[in-house]
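I have placed the structure first, in the form of C-alpha cells, so that the comments after it can refer back to it.
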Amino acid sequence: MLQIGSVLDGKYKILQEIGHGGMSVVYLALNERANKTWAVKEVRKDGGNDKSVVSQGLVAETEMLKKLSHPNLPSIIDVIDKDDSFIIVMDYIEGGSLQKRLEKMGPQNADDVVKWSLQLADVLGYLHSRKPPIIYRDMKPSNVMLKPDGNVCLIDFGTAREYKQTSSGDTTWLGTRGYAAPEQFGGHGQTDARTDIYTLGATMYHLLTGYSPADTQFIIYPISRFRPELAGTGIEKIVAKCCQPDPKDRYQSCAELTYALEHVHDEDDTVRKSRNRKWYSFLASCGVTVLGAALAIMFSIFKTNAINTSYDTYISQAEASSFERAVEFYRSAMELQPENEEAYMGLLNLCASDYTITNEEREAIESCINSTRSSNAGTRSNLEIFKQRNPDGYDQFEYQLGTSYFVGYSGGKREAYNCLGNVIESENLTDNERTVANTYYLLADYYVQLGDSAAQQNNDKDDGFGWAKTNVSYNQLWENLYAIVEDSETVSEKAGGGDYAAAMYRETANQIASNISHFRSDGVSMNEIRNAIDEGRAYISNLQETNTNGSLIEQTTQALDSAERTYESYMNISAGTAS
C-alpha cells in the first residue's frame, strides 16, 4: 500500500485515503509543483480470486478512459506499472457518491433524479456512439459522483467492455447483482446498449425508493409501492420500461430514453387524462372514432415532416440570401435540429470559402454554434448538443473549423488550437485528416506559446531594424513551417490538397514579412528564407494551371510579394549596417 506522506513517481504526494474496495485503494494526492489535486487508484496485482478478470478490468478502465472526453467522465492523467500494483492517476472528483447521499438522506426528489438520469443517459449515449461501442454494465449509485455544482460524474470502468458485432454472448459475468440486467448473467446473450438502459433504470429505482433491487429480492416493483405520491407518474413508467427483462421491451437507445426523460410529465396520468378528455371531446365533435385516430397519425407525421421541411427551407434560404440573412437562417436551422451537421457546414462554407475569415464572420460562427437553450439537463449550447448527439458530424465540423481558423483568420491560432485539440485523435477522421489536424495543432500550439511568452516580454526596445525585441525562440517555428512547405509534393500530401498547401505558403510568407528579424537572430539563414519564397512562387505558378481558387492564389501571391519586399529591405538594411 502507498504510504501517507510519500511522493509517488517524484510528483504526486499522497495526502489521505478516500476510498477502498476488495482489491484497490483510492488516495487523494497533490502535485505540489502544479498545486493540483488528483485521485490516485492503487490496484494490487495479487488482489481477488480471478487475476485475469482483475487485469482485464484494469486494462479496460485505463485504455477506455484515456480515449474518452466527456464533461461527466473523469480523465486519466497517468498510469504507473509497479512491481506489486498498478497506479492510475485521474481527475479528483469533488463531492460524494449518490450512494452516500442515499444513506444520509433516503429517497431522492424525483426532479433531481430526472436531472441526474438525463446526464447519465447522455454519458451512456456518448459511450455507445464510440467505435466500437462501449457498454458500461455497472451503473449503480456508488459509481456516480455528485459534484458540488449539482452535476454528476460516472466513475469506475472496471466492468466496461467494447461491443463485438460478431459475438453471441459475454464470456464472463461482471456487474453488480440487483442492478445487472438478465443478459449480464452468462448464457443470456451479449450485453449491448439496452443493458446499460436496464442498469440506469435500476439505479433510478434505488434513488427514488431508497431500496436497491437486492433489497426487494431483485424484483423491480412499481415505484408507487414505496412512494404513493408517484403513482401513475411518467417517472414510474420510465423506470418500469427501462427494467423490462426482455431487452426488446426496453428503450432501444439512450436517445429514446433521453426524449422520455425530457418529456417525463407528458406521461403523468393527470396530464394524459386531461389530454384524453380534450381528445375525446374532439372525437365526439367529429363523430367518427376512426377519423380521430387517422388525424392523430397524420398529425404525428405532419409534425415530423414539418420539422424536416422547415430545416430544409432554412438551408435553402440561407444559400440564396445575403450574409446577414444567411447567418440568421443557419442559426434557425441549428435551433431546430442542433444535431444536423448541414447547417454548421453551410455556415462555415459561407464564412471561409475564400480561405479568409473576417472578424464579422468569426463572430457570426461563434454566435450561432454557442447559442444556448435550457432543459431538465441544464443549459447547453448548440455545439454541445451537436457533439453529444452526432459525434461523427461534430468531429468533422471541428476539424474543418480548426483548419479554417488556422489558415484564414488573423490571430486565429488559439481558436485553431482549441478546435483541433478536440479531434486530433478522432477515429471519425481519415488518416489524412488526422495528419492535417496534428500538423496544424502543433503549429498552433507553438504560435500560442510564442504569443503568451512574447506578451510577458518588454517589447518597447527596438532591435535596430524596426522590429521589437523578444526573448522568444523563432527557430523552432521556422523548422515547423518549413517541414510543411519544403516542397510541393510534401505539402500536398500533408495538407490534403493544393488549397491548403497554398494557404501554408501564404502563412510562411506572412511570417517572413512579420518576423524576418526574429528568424535571422535565431539562426535562420537568408538563403533558407530566399529558398522558401522561391519555392512558394514555383508552387503557385504550377497551381494556377490546375486550380480555380483564384482568390487564394491571389492572396498567396500578394503575401509572397510582401515577403519579397521585406527580404530585400532587410538585405539592404543589413548591407548598410555592415558598411
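Quantities reported herein were computed from a predicted structural model and do not represent experimental measurements. For reference, positions follow the sequence shown, starting with 1.
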| Hey, what do you get for OH (Tyr409) to OG1 (Thr358), rounding to the nearest 0.5 Å? | 8.5 Å
| Is there side-chain contact between Val40 and Val25, with at least one heavy-atom pair below 4.5 Å? | no
| said: One pair to check against side-chain contact (heavy atoms from CB on, under 4.5 Å): Asn31 and Val89. What are the steps and the verdict? | reply: CA-CA 11 Å; Asn31 185 325; Val89 182; over 6 Å; no
| Are more than 12 heavy atoms from other residues, nucleotides or ligands located less than 6.0 Å from atom NZ of Lys82? | no
| What are the two closest heavy atoms between Ala563 and Ala509, and how far apart are they? | CB-O, 3.5 Å
| Leu350 and Tyr330, any side-chain heavy atoms less than 4.5 Å apart | yes
| query | Does any N or O in the side chain of Asn382 come within less than 3.5 Å of the main-chain N or O of Cys368, such that one atom is a donor and the other an acceptor? | reply | yes
| note | Shortest non-hydrogen pair, Tyr405 vs Gly412, comes out as CB-O, 3.8 Å
| said: Would you say Ser525 and Arg520 are linked by a side-chain donor-acceptor pair, where the criterion is simply a distance under 3.5 Å? | reply: no
| Do the non-hydrogen side-chain atoms of Met90 and Trp38 ever get within less than 4.5 Å of each other? | no
| request: Keeping the roles fixed (side chain from Asp91, backbone from Ile93), state whether a donor-acceptor pair exists under 3.5 Å. | output: no
| task | With Lys413 as the cation and Phe406 as the aromatic partner, state whether NZ or CZ is under 6.0 Å from the six-membered ring centre and within 45° of the axis. | result | yes
| Roughly how far, to the nearest 0.5 Å, is the CZ atom of Arg362 from the CD1 atom of Ile357? | 9.5 Å
| field | Lys11 backbone acceptor or donor facing Asp9 side chain under 3.5 Å | value | no
| query | In this structure, are over 12 heavy atoms from other groups packed under 6.0 Å from Gln16 atom CD? | reply | yes
| Where at least one partner belongs to residues 316-326, residue pairs that pass side-chain hydrogen bond (donor to acceptor under 3.5 Å, both in side chains), sequence neighbours excluded | none
| query | If we only count heavy atoms from C-beta on, is the Met334 to Leu383 side-chain gap below 4.5 Å? | reply | no
| request: Measure across Ala121 and Cys254 and return the closest heavy-atom pair with its distance rounded to 0.1 Å. | output: O-CB, 3.6 Å
| field | Contact summary for Leu15 and Leu30, nearest pair of heavy atoms | value | CD1-CB, 3.9 Å
| field | Gap between atom CG of Asp149 and atom CD of Glu94 - 0.5 Å precision | value | 9.5 Å
| request: Measure up the His518 and Tyr474 rings against each other and bin them: parallel (under 30°), tilted (30 to 60°), perpendicular (over 60°). | output: parallel
| task | Could you check Ile512 against Trp478 for side-chain contact (heavy atoms from CB on, under 4.5 Å), going step by step and ending with a plain yes or no? | result | CA-CA 9 Å; Ile512 291 172; Trp478 178 264; 3.8 Å; yes
| said: Using 30° and 60° as the class boundaries, would you call the ring planes of Phe386 and Tyr394 parallel, tilted or perpendicular? | reply: perpendicular
| message | Set out, in order, the CA-CA distance, both residues' side-chain angles and the distance that settles side-chain contact (heavy atoms from CB on, under 4.5 Å) for Thr356 and Gln555, then state yes or no. | response | CA-CA 9 Å; Thr356 300; Gln555 293 170 22; 3.1 Å; yes
| Do we see a donor-acceptor contact under 3.5 Å between the side chains of Asn422 and Tyr399? | no
| task | State whether the number of non-hydrogen atoms from other residues, nucleotides or ligands found under 6.0 Å of Asn35 atom CG is greater than 12. | result | no
| message | Could you check whether Glu335 and Ser371, counting side-chain N and O atoms only, form a donor-acceptor pair closer than 3.5 Å? | response | yes
| With distance as the sole criterion, is a donor-acceptor pair present between the side chains of Asp395 and Asn428 under 3.5 Å? | yes
| query | Any side-chain heavy-atom pair from Glu528 and Phe519 closer than 4.5 angstrom? | reply | no
| field | Ion pair Glu568/Arg530, N-O distance below 4.0 Å | value | yes
| said: Taking Tyr311's backbone N and O only, do any of them form a donor-acceptor pair with Gln337's side chain (distance below 3.5 Å, no angle check)? | reply: no
| Atom pair NZ (Lys13) and CD1 (Ile4), whose distance is rounded to the nearest 0.5 Å | 11.0 Å
| request: To the nearest 0.5 angstrom, please state how far the CG atom of Leu124 sits from the OG1 atom of Thr258. | output: 9.0 Å
| query | Does Arg389 come within less than 4.0 Å of Glu384, counting only side-chain N to carboxylate O? | reply | no
| remark: dist Gln119:CD -> Leu154:CG (nearest 0.5 Å) comes out at 11.5 Å
| said: So does Leu118 get a backbone contact from the side chain of Asp122, meaning a donor-acceptor N/O pair under 3.5 Å? | reply: no
| Does Tyr441 offer a backbone N or O that forms a donor-acceptor pair with the side chain of Asp445 under 3.5 Å? | no
| Do Ile18 and Tyr92 touch side chain to side chain, with heavy atoms closer than 4.5 Å? | yes
| message | Please evaluate residues Val7 and Ile14 with respect to the criterion side-chain contact (heavy atoms from CB on, under 4.5 Å), reporting the C-alpha separation (whole Å), side-chain torsions for both, the decisive distance (0.1 Å), and the verdict. | response | CA-CA 6 Å; Val7 178; Ile14 307 301; over 6 Å; no
| Going by atom types alone, do Gln400 and Gln396 pair a side-chain donor with an acceptor below 3.5 Å? | yes
| message | Between Asn531 and Asn527 (side chain of the first, backbone of the second, donor and acceptor by atom type, cut-off under 3.5 Å), is there such a pair? | response | yes
| request: Without swapping roles, check the side chain of Glu363 against the backbone of Glu360 for a donor-acceptor pair under 3.5 Å. | output: no
| query | If you look at every heavy atom in Glu42 and Ile87, which pair is closest and at what distance? | reply | CG-CD1, 3.5 Å
| query | Is any side-chain heavy atom of Ile424 closer than 4.5 Å to a side-chain heavy atom of Arg434? | reply | no
| Between Thr557, Asp561, Asn542, Thr556, which is the residue that forms a side chain to side chain donor-acceptor pair (under 3.5 Å) with Arg537? | Asp561
| request: Establish, yes or no, whether the cationic atom of Arg130 lies under 6.0 Å from the six-membered ring centre of Tyr126 and within 45° of the ring axis. | output: yes
| request: Would you indicate whether the side-chain heavy atoms of Tyr136 and Val123 approach each other to under 4.5 Å? | output: no
| request: Given side-chain hydrogen bond (donor to acceptor under 3.5 Å, both in side chains), test Ser367 with Arg331 step by step and report yes or no. | output: CA-CA 9 Å; Ser367 173; Arg331 187 197 309 275; 3.0 Å; yes
| request: Please report the shortest heavy-atom distance between Val26 and Ala39, naming the atom on each side. | output: CG1-CB, 4.4 Å
